Q: 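Please find one structure pasted underneath; my questions will follow.
Each chain gets a letter, A, B and so on, in the order its sequence line appears, and its residues count up from 1. Values in this document were obtained by computation on a predicted structure and should not be read as measured data.
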Amino acid sequence: MLEKAYDPQVTEDRIYQMWEDSGAFKADAKSTKESFTVSMPPPNATGQLHLGHAVMLALEDIFIRFARMQGKEALWLPGTDHAAIATESVVIKKIQKEEKIRDPRAKFGRTELVRRIAEFVEKSQGTIRSQIRKMGSSCDWSRERYTMDPSLNRCVNEVFQKMYKDGLIYQGFRVVNWDTALQTTISDDEIEYQDREGTLWTFEYLSAEQTGGEPLAVATSRPETKLGDNAIIVHPDDERYAHLVGRHFEVLWPGGVTRHVTVVADHSVDREFGTGTIGCTPYHSKIDYEIWQRHKEEIFADPQQVIGEDGLMTENAGDFAGLSVEKCRQKFVEGLQKQGKLLKEETYVQPLSISYRSKQPVEPIPKLQWFIDVNKKVVVWKKKKMSLKEVLQEVVRSKDICIIPDRFEKTYFQWIDNLQDWCVSRQIWWGHRVPVFYCRNCMDAQDSTDQGSGIRDQGVYVSVEGLDKCSECGSSVTQDPDTLDTWFSSGLWTWSTLIDPVLTGDYSLDLPDLLAQSPDFQKFHPTTVMETGYDILFFWIARMILMTTYATGQIPFKTVYLHGLVRTRDGKKMSKSDPSTCIDPLEIIPKYGADALRMSMIVGQSPGNDFRLYEEKIGGYRNFINKLWNASRFVLMTCESADVDPHSAEGSGIRDQGSGKLPLADRALLSSLQDLIEEVTNSLEGYRLSEAGERLYSFVWDYFCDWYLELSKGEANPQLLVHALRTILILLHPYCPFVTEELWSHFKPKDAGMLIKEPWPVAEKKSKNAQAQQDLQIVINVISAIRSLRADYNVEPSALITAIIHSKKYAKLLESQRSHIERLGRVEFLSIDSQPQQHEHVASAFLKDTEVHLPLEGIIDFSKECTRLAKEQDDLQKFL
RNA sequence: GGGUGGUUAGCUCAGUUGGUCUAGAGCGUCUGGUUUACACCCAGAAGGUCACAGGUUCGAUUCCUGUACCACCCACCA
């Protein structure tokens, strides 16, 4: 016999082990069944399971279990991510702290540091793997991948090479986002904006003497960058400055630096803001860089880099060289003041670019980097040549890819509209290294010094398998020191994980060969649904679409399901830096069970919307799991007392008995089960997980337990009970796999296997009986009315009473259900007739087509009732 | 500045093609309760002019327009 309460702790790990050992998670590429594939968004290899993962795992496990039970060849491919910058900085910090080494990069060198990071990842990878299992995730561990696997590296190199050949990847000297803390570039999407209170300084840029009239003033929040100016920009229609446009000036800055600037007219200037002029600093502002590019011909002087990679002022900053940006700013302003040029100093709120990774301000600096061109029309898609940008738009616009909820399509398009070339190179060591090799010898031999268009320069080789010697001159080559943005390899995730690792060692094969000869890729790609938080729509979803359509000619997935972010009880974001705001799934699971946690994150939530999670909510679903447990216990006890073996109970026998023979409640139950199957299936197929979960919850608790089981007491049909329970367990299994699998072992038919492999039920028309359902509802309403009246008139709960029911329409029906009404309403004398009659001293309830009366004489003590009412009146008066 | 979402019981939220919504759930509250599983339970109850103002309609929480407040995304360091 089952324990009185369900204990997930003694069950879950055992069940998971059983599943895993049985091979139930394993997908078969040779199968002829329709495939259903989910690529698990790979958690950070060194990470800890948090609620974001938990939501993802719960949702995807529901998709995959449902598909598996529906008879599809279901593959859920798990994996971990090398999380380039994040991991490298964690390990560096660890070494700094534990080994007291200030600069581990300098101390160990590249090879050794990378080895140490790999070692650290290796060690900690096991943690996240076991934590994923804790959630009940039925993923195919035999196909686990890691974004730094050699086979994935092969894919990365192949794609890089293909893009290089197509001219989609190029090296360019540009103003990039430099993270001074992490000492690397970051992409535009890795920037966050924060409003900070700053100062806007207005100063005299050109004197009255220089302009020959009014002095020209410029406003800036970054005076120190003015040392790198080579122009002043004004609006073409601005009459104040029209006479200066095209003229060159010499400016002497504090710090003893002299610069030549040209006054240039450009429409990007807002005449209303500040003085209507901009000091143009091409090397420390992307906007200014663009302006410079537009007016290169007119501008006399070259721009100057005055801030270095270390965040300190460069030699070009004259006396300020070596100072920090902040210090220089202060000195510079003081200098202006001394020169008598400072006109105004006001505070204002300015947006500040912050690195998503280090949370430090981003410094725009000029650098030679690798970029992916998103506008070049060389991608063949649906027989047309398009740019990457256009393909990104096309696949969603044409509904090849659907996003749930669909409003995110708009967000997606908006992002694409603003998309610029993607900077993919990073100055860190942990990651996929740029597969480009340089031969100094050949490069030096070449006289071109044009940095901007150096993509096909001599001595530059892109190699998939690596290169030692230059193919031209035979001298040794050096590999590009940079690594690729972590999203470059993540962008390949849906298919690089399906490439046969045995093939990737064979360099005689090209990318199309690899794709064509990998059975997993052929069977399981494109994947069916990609599920992730909406916060990485741009970072990852869009990148996967970009990289995959280009590299494989296929979309990466058909549907994108975006879940909301988990928030605290107060609606705040849970942040790692403040553990008190976090709910730790690893603490919750032992306490409430993974099943309860899963349901609490799915039911009552809608995709794309944030939701708040707190312990009581999880507790509520723990209670539900326990309710299901106890209902099963009851069914088991019923079987026992009727001497029926639950394993040999025959479901189909019940259904074939013919609906006429079964009692009303049984007919209604059978019929309701068909509705349930239909509705749950429909909801799940439409990815409406909350709806299906809620339906199941309410069916089990409010209908099956509260009414059917109560009605069945005393005249239970064990066969039918077992049949109903089996159906419930099957339908609930995707939501709460552990408890249902455990209970299934007590109820499964003799020849059945584990629940995880049980076929999904199909609703049977012949079991449907709308009349029975309606009739049962009438009976339920009558019983509820009696109970309600009893409570209203404070009838002793244990007292047996008299009840009178008048109903022309339902008299016959109610008569046939007399025993149920009597038992559940605690009625001793029940009179049912079809004619309404007048009664005195009765409590009455009027239902549609039915009246329920309880004679009060004798059941309630009127004197006691008077005292009670008097007291109540008293209380109310006091309250008033 | 551009865009998106939210505003429904004390709290957290469902409500998918406008009429079984005289508006639902969970938690909380109140009144009772050892009834052949379950107190992680059972029975009963209270509690909402579905943000506000217009419009379309026979009829709107549901569609349209506007307003307010709260989130979020994107752009912008003059």
Q: Compare the minimum distances between each of B:U16, B:C73, B:C41 and the side chain of A:R688, then state the nucleotide with the smallest one.
A: B:U16

Q: Whole angstrom is fine here: how far is it from OH in A:Y534 over to P in B:C72?
A: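 Atom-to-atom, A:Y534 to B:C72, this comes out as 9 Å.
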
Q: Please pick, from B:C38, B:C41, B:G26, the nucleotide with the shortest atom-to-atom distance to any side-chain atom of A:Y614.
A: B:G26

Q: Quick one: label A:P797 by what it contacts on the DNA or RNA (base, sugar-phosphate, nothing), any heavy atom closer than 4.0 Å.
A: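 Sugar-phosphate only.
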
Q: Would one find a side-chain N or O of A:R612 under 4.0 angstrom from OP1 or OP2 of B:U12?
A: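 So the side chain of A:R612 is within the cut-off, an N or O lying under 4.0 Å from OP1 or OP2 of B:U12.
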
Q: Using a 4.0 Å heavy-atom cut-off across all strands, classify A:R787 as base, sugar-phosphate, or nothing.
A: sugar-phosphate

Q: Side-chain N or O of A:S606 versus OP1/OP2 of B:A14: is the shortest distance under 4.0 Å?
A: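 True: A:S606 side-chain N/O within range (under 4.0 Å) of B:A14 OP1/OP2.
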
Q: Atom CD1 of A:I602 and atom C1' of B:C13: how far apart are they, to the nearest Å?
A: 15 Å

Q: For the side chain of A:Q350 and the base of B:C77, is some donor closer than 3.5 Å to an acceptor across the two?
A: yes

Q: With a 4.0 Å cutoff (strictly under), does any side-chain N or O of A:N630 reach OP1 or OP2 of B:C40?
A: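 Answer no for this pair, as no side-chain N or O of A:N630 is under 4.0 Å from OP1 or OP2.
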
Q: Would you please confirm or rule out a distance under 4.0 Å between OP1 or OP2 of B:A45 and any side-chain N or O of A:S788?
A: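 Yes.
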
Q: Aromatic rings A:W292 and A:Y289: how do their planes relate, parallel, tilted or perpendicular, breaks at 30° and 60°?
A: perpendicular

Q: So does A:Y193 get a side-chain nitrogen or oxygen closer than 4.0 Å to the phosphate oxygens (OP1/OP2) of B:C76?
A: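 A:Y193 to B:C76 OP1/OP2: side-chain N or O found under 4.0 Å.
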
Q: For the residue pair A:K713 and A:F634, would you count it as a cation-pi contact if the rule is NZ or CZ under 6.0 angstrom from the ring centre and within 45 degrees of the ring axis?
A: yes

Q: Need one value for A:V234: base, sugar-phosphate or nothing, where a base atom within 4.0 Å counts as base even if backbone is also close, heavy atoms only.
A: nothing

Q: If I pick the C1' atom on B:C42 and the same atom on B:U61, what distance separates them, to the nearest angstrom?
A: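 Comparing C1' positions in B:U61 and B:C42 gives a spacing of 33 Å.
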
Q: Using a heavy-atom cut-off of under 4.0 Å over every strand shown, decide if A:G198 touches base, sugar-phosphate, or nothing.
A: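 The answer is nothing, as A:G198 stays clear of every strand by at least 4.0 Å.
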
Q: Heavy-atom count check: over 12 atoms from other residues, nucleotides or ligands less than 6.0 Å from A:K359 NZ?
A: yes

Q: Distance between the P atoms of B:C69 and B:C52, in whole angstroms?
A: 16 Å

Q: Do A:K627 side-chain and B:C38 base share a donor-acceptor contact under 3.5 Å?
A: yes

Q: Using the side-chain hydrogen bond (donor to acceptor under 3.5 Å, both in side chains) definition, which of the options A:T277, A:D229, A:T275 pairs with A:Y205?
A: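 Of A:T277, A:D229, A:T275, side-chain hydrogen bond (donor to acceptor under 3.5 Å, both in side chains) with A:Y205 is met by A:D229 alone.
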
Q: Any base atoms under 4.0 Å from A:R407, or only sugar-phosphate, or nothing? Heavy atoms, all strands.
A: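 Answer is sugar-phosphate: A:R407 comes under 4.0 Å of backbone atoms only.
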
Q: Check whether any side-chain N or O of A:K410 sits under 4.0 Å from OP1 or OP2 of B:U4, and answer yes or no.
A: yes

Q: Reading RNA chain B from 5' onward, which residue's closest nucleotide shows up sooner: A:P361 or A:D702?
A: A:D702

Q: B:U16 C1' sits how many Å from A:Y687 OH, rounded?
A: 17 Å

Q: Under 4.0 angstrom, heavy atoms only, what part of the nucleic acid is A:L636 near: base, sugar-phosphate, or nothing?
A: nothing

Q: If the plane angle is over 60° it's perpendicular, under 30° parallel, otherwise tilted; pick one for A:F538 and A:W415.
A: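 The rings of A:F538 and A:W415 lie parallel, inter-plane angle below 30°.
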
Q: When we call it a touch if two heavy atoms are under 4.0 Å apart, what does A:G620 touch: a base, just sugar-phosphate, or nothing?
A: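 Here A:G620 touches no strand at all.
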
Q: Roughly how far apart, to the nearest Å, are B:G24 and B:C50 at atom P?
A: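 These two P atoms come out 14 Å apart once rounded.
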
Q: Mind checking the C1' distance from B:C64 to B:U57? Whole angstroms is fine.
A: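 It works out to 12 Å between them.
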
Q: Need one value for A:E710: base, sugar-phosphate or nothing, where a base atom within 4.0 Å counts as base even if backbone is also close, heavy atoms only.
A: base

Q: Fit a plane to each ring of A:F699 and A:F704, take the angle between them on a 0 to 90° scale, and name the class: parallel (under 30°), tilted (30 to 60°) or perpendicular (over 60°).
A: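 Plane angle under 30°, so parallel.
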
Q: Can you see which heavy atom on A:R222 is nearest to which on A:V325, and at what distance?
A: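 Smallest interatomic distance, heavy atoms only, reads NH2-CG1, 3.4 Å.
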
Q: Please determine if A:R543 forms a cation-pi arrangement with A:W422, meaning its NZ or CZ atom is less than 6.0 Å from the six-membered ring centre and no more than 45° off the ring axis.
A: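 Verdict for A:W422: a cation-pi partner in A:R543.
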
Q: Between A:W629 and B:C41, is there a contact of a side-chain N or O with OP1 or OP2 at under 4.0 Å?
A: no

Q: Out of B:C77, B:C40, B:A43, which has the shortest distance to the side chain of A:D706?
A: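 Output: B:A43.
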
Q: With nearest nucleotide decided by heavy atoms, which residue, A:E691 or A:I783, maps closer to the 5′ end of RNA chain B?
A: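 Its nearest nucleotide lies further toward 5', so the answer is A:E691.
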
Q: Does A:R622 place a side-chain N or O at less than 4.0 Å from the phosphate oxygens OP1/OP2 of B:C40?
A: no

Q: Once you apply a heavy-atom cut-off of 4.0 Å, does A:Q414 come out as touching a base, just sugar-phosphate, or nothing?
A: base

Q: Does the separation of the ring centres of A:Y561 and A:F408 fall below 6.0 angstrom?
A: no

Q: How is A:L200 classified with respect to the nucleic acid when contacts are heavy atoms under 4.0 Å: base, sugar-phosphate, or nothing?
A: sugar-phosphate

Q: When you measure from the side chain of A:A631, which nucleotide among B:A37, B:C40, B:C38 comes out closest?
A: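 My answer, after comparing the listed nucleotides, is B:A37.
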
Q: Quick one: A:M599 CE to B:C27 C1', roughly how many Å, whole number?
A: 16 Å

Q: Determine which bases of RNA chain B form Watson-Crick or G-U wobble pairs with both distances under 3.5 Å, and write the result as a 5' to 3' dot-bracket string with | for other-strand partners.
A: (((((((..((((.....[....)))).(((((.......))))).....(((((..]....))))))))))))....

Q: Any side-chain donor paired with an acceptor under 3.5 Å for A:S187 and A:D189?
A: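 Result is no, nothing qualifies.
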
Q: Would you mind telling me which of B:A14, B:A37, B:C27 lies closest to the side-chain atoms of A:K713?
A: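 So the side chain of A:K713 is nearest to B:A37.
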
Q: Over all strands shown, is A:W701 touching base, sugar-phosphate only, or nothing at heavy-atom distances under 4.0 angstrom?
A: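 Touches sugar-phosphate only.
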
